2 protein chains.
Amino acid sequence: MTRVTAQDVADAAGVSLATVDRVLNNRKGVRESTVERVIRAMELLNFERDQAAATLARRRDYRFTFLVPSGETAFFGGIRSEIEIARKHFAKDRIEVNMIKVPPLDPHAIVAEIDRLGADIGDGVAMVAVESQIVRDAINDLRARGVHVVTLISDAPTSSRERFVGIDNVAAGRVAASLLKRFIHAPEGDVVVVAGSGTLRDHVERRMGFEQVMRAECPHLNVLPWIEGEELADVVEAKLKAVLADHPNVVGLYSLGGGTRGVIDAIKTDPKKFSVVTTELSAHTRTALIRGEIDAVLVQDPSHEVRSAIRILKALTDGTQINENQERIRIEIFVRDNLP
Amino acid sequence: MTRVTAQDVADAAGVSLATVDRVLNNRKGVRESTVERVIRAMELLNFERDQAAATLARRRDYRFTFLVPSGETAFFGGIRSEIEIARKHFAKDRIEVNMIKVPPLDPHAIVAEIDRLGADIGDGVAMVAVESQIVRDAINDLRARGVHVVTLISDAPTSSRERFVGIDNVAAGRVAASLLKRFIHAPEGDVVVVAGSGTLRDHVERRMGFEQVMRAECPHLNVLPWIEGEELADVVEAKLKAVLADHPNVVGLYSLGGGTRGVIDAIKTDPKKFSVVTTELSAHTRTALIRGEIDAVLVQDPSHEVRSAIRILKALTDGTQINENQERIRIEIFVRDNLP
DNA sequence: TTAATTTTGCTTGACGTACCTCAACTCTTA
DNA sequence: TAAGAGTTGAGGTACGTCAAGCAAAATTAA
């Protein structure tokens, strides 16, 4: 296989290398008819510009910044360590990845950090958004400055962010419900929902999806008022224990946010047997799955999400195409037997 | 961020650029003590060799060959079209991907094709293995010639293939069983297994995993003698209809191979209602999932598998590390609500 | 000590694209 | 017909590593 070079294209189109280059990089100063001739030649010869040579010649480093919550939840801990791994991995492709930790759930902290960084924020930003107008404004400002923005895990759909990297949380809630619907054998009973934070869009959406399916398809199941766990295991455990004590006919449980350890501790001591679906794949949930204390865990792969965000930011800065197939973040269902 | 170049390392280590290059590429002619000095300097400066410049200077094209079955099953059709897509996508990274179609389930055809290609087979091969000594021998010969080999979807574990790209099929079978176990509410009944080919290792393994769980955990369920569907929808439909007619107390069904369309057509006309788990995500299974005719589909992502095989072959030829996280092929569980 | 061998330095030319300058050319349009 | 604007060509430098050959230095063996 002899590679087709830009020079070959130039020869075929009867123009100079400089002109091919101008066409290739959308620089002005080329007549429309010539552009077409060059493009035809590229198609004819099946020209693929050499990524390696291009980035080298462009003498350019990509600089991307991740803005992630500093909280101590297992999930964001995982995200942060994945960013560290990715930072090392992408260095050899001239991609510099920085991570800035911001206090969780605090829109002002996010905006302050963006302001502080200024131009140092680089070519693109991946941020875990929170529901707030000033965050949306900050995103729009970044875009206006030409900085690319993707939201990660938690979206800000009405902002001008270019992509959302994460799962469809409404669908995740629906999955939880439709699994529980199939798992629960009892003709009727109560279903408990352990929520995280009401200000996190992803939690709210999951709950929405869950309720949709429950209401439409499970008239025999009664969804109890949700438990606000604040993503703290101890809080979850205490509140859940109280609810379980009050309701003898619990047949299912969905835990959609953090603090899953609290869920596991609470149900372990409960004499009732019911179906359980949670989120987060940690040492605790793994053990609980294997022991049969919980039935399924719904997860998004942080490693994939981080890589995906970087690839997408790079494609956005290069103006190249995104491989949709590769960037699809899955709602992963783990049962005892397909644990990774 | 100013990049650390090999020249910087040379300066820091007090050697010449040529020596750094020799260390970098494991060429001989460098004293052990000097090697260590250079490596220390690289660590100190956090040197990352520039992938782009390296592949460019190496003036090297990677050439990989996929050997895949030519059969008309939905799954391998998908694999083949993913290879086509990947071929285009990887061209810009100087990776030439070729696809050779071989008659399915025919070890001699595979070996004949390998012989025919000779050195044209390139730097690495990804093949869908079949259970046979001559195939294992062919793989070992390729390895002896320095050609890298990964098996795809169906493994040949006792050969000298370097990696297997695919799912743990025993685990997939176990997942199917443990889902059915949870889905089936009846206190007892029959379970039907629709198999594909007995010579495909992945099919055999899935069945094994399924039986393991059924036997150990579901004494109330009776697994009927399996139906050999030969991956042909018509055959599957006819045989399954016969079995369903003979057994009024069927409560669950697992279809572990091709011909899923036949399964769907057969159960559609059956008055009984039972839980169904299948493989393959096609237009048919999607519709059936949405309609509630089947409950879950277990899938491996062909797009991911093809990309993964190429990345792994490239890492093997470069002698670089493999990102295990990225190459983990998942056993994906799809229910109605997390369809992609 | 010398001779043989190994290790290191130095230099130079790829590799394919990006990006720049300057000169020359081709059209308009007045 | 000439000024002006828009196009194109030619050629150069840069990017960071690889590869190769030869010269020089350092080390080891005799």
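Bear in mind that the values here come from a model prediction, so they are computed numbers and not experimental data. Just so it is clear: chains get the letters A, B, ... in the order the sequence lines come, proteins before strands, and each one is counted from 1. The analysis underlying the following values was restricted to heavy atoms, covering all of them including side chains, and did not include hydrogens, waters or symmetry mates.
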Contact between [X] and [Y] at the side-chain level, heavy atoms closer than 4.5 Å - yes or no?
| X | Y | result |
| --- | --- | --- |
| B:Leu313 | B:Ile95 | no |
| A:Phe64 | A:Thr317 | yes |
| B:Ser70 | B:Pro104 | yes |

- Test side-chain contact (heavy atoms from CB on, under 4.5 Å) on B:Glu305 and B:Leu152 and set out the steps. CA-CA 8 Å; B:Glu305 291 178 315; B:Leu152 189 67; 4.3 Å; yes
Could you give the [atom1]-to-[atom2] distance, from [X] to [N], as a whole number of Å?
| X | N | atom1 | atom2 | result |
| --- | --- | --- | --- | --- |
| A:Asp93 | D:dG16 | CG | P | 15 Å |
| A:Glu32 | D:dT8 | CD | C1' | 16 Å |
| B:Asp50 | D:dA14 | CG | P | 18 Å |
| B:Gln51 | D:dT17 | CD | P | 11 Å |
| B:Arg94 | D:dC18 | CZ | P | 14 Å |
| B:Arg59 | D:dA19 | CZ | P | 8 Å |

List the residues meeting salt bridge (Lys or Arg N to Asp or Glu O under 4.0 Å) with [X], not counting sequence neighbours, and say none if there are none.
| X | result |
| --- | --- |
| A:Arg307 | none |
| A:Asp301 | B:Arg328, B:Arg330 |
| A:Arg311 | A:Glu327 |
| A:Arg22 | none |

- Pairs where residues 148-157 of chain A contributes a residue and the test salt bridge (Lys or Arg N to Asp or Glu O under 4.0 Å) is met, not counting sequence neighbours: A:Asp155-A:Arg161
- Task: Give every residue pair that meets the salt bridge (Lys or Arg N to Asp or Glu O under 4.0 Å) criterion with at least one member in residues 29-47 of chain A, sequence neighbours excluded.
- Result: none
- Message: So if I take every side-chain heavy atom of A:Ala57 and compare against D:dA14, D:dG16, D:dT8, which nucleotide ends up nearest?
- Response: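 So the nucleotide nearest the side chain must be D:dA14.
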- Of all the nucleotides listed (D:dT8, D:dA19, D:dA14), which has the minimum atom distance to the side chain of B:Arg58?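 Shortest atom-to-atom distance from the side chain points to D:dA19.
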All N/O donor-acceptor pairs, side-chain side in residues 112-129 of chain B, below 3.5 Å, sequence neighbours left out:
unit_1, atom_1, unit_2, atom_2, d
B:Glu113, OE2, B:Arg116, NE, 2.7
B:Glu113, OE2, B:Arg116, NH2, 2.4
B:Asp123, OD2, B:Arg63, N, 2.7

- Query: Can we say B:Arg87 and B:Glu96 salt-bridge, meaning some charged N sits less than 4.0 Å from an Asp/Glu carboxylate O?
  - Reply: no
Got a list of protein N/O to nucleotides 4-6 of chain D N/O distances below 3.5 Å?
none

- Is the shortest side-chain N/O distance from A:Arg31 to OP1 or OP2 of D:dT8 below 4.0 Å?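 True: A:Arg31 side-chain N/O within range (under 4.0 Å) of D:dT8 OP1/OP2.
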- Message: On DNA chain D, compare the nucleotides closest to B:Ala53 and B:Arg27; which residue's is nearer the 5' end?
- Response: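 Result of the comparison: B:Ala53.
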Which donor-acceptor pairs under 3.5 Å do side chains of residues 45-60 of chain B form with protein atoms, sequence neighbours excluded?
unit_1, atom_1, unit_2, atom_2, d
B:Arg49, NH1, B:Leu24, O, 3.4
B:Arg49, NH2, B:Asn25, OD1, 2.9
B:Asp50, OD1, B:Ala52, N, 2.9
B:Asp50, OD1, B:Ala53, N, 3.2
B:Asp50, OD2, A:Arg94, NE, 2.6
B:Asp50, OD2, A:Arg94, NH2, 3.1
B:Thr55, OG1, B:Gln51, O, 3.2
B:Thr55, OG1, B:Ala52, O, 3.2

- Query: Quick one: do the A:Tyr62 and A:Asp318 side chains pair a donor with an acceptor below 3.5 Å?
  - Reply: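 Yes, because at least one side-chain N or O of A:Tyr62 sits under 3.5 Å from a partner of the opposite role on A:Asp318.
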- Item | Nucleotide range of DNA chain C lying under 4.0 Å from chain A heavy atoms | C:dG16 to C:dC19
- Message: Short of 4.0 Å, heavy atom to strand atom, which residues of residues 34-47 of chain A count as contacting DNA chain C?
- Response: A:Phe47
- Which of residues 5-25 of chain A have a heavy atom under 4.0 Å from DNA chain C? A:Thr5, A:Ala6, A:Asp21, A:Leu24, A:Asn25
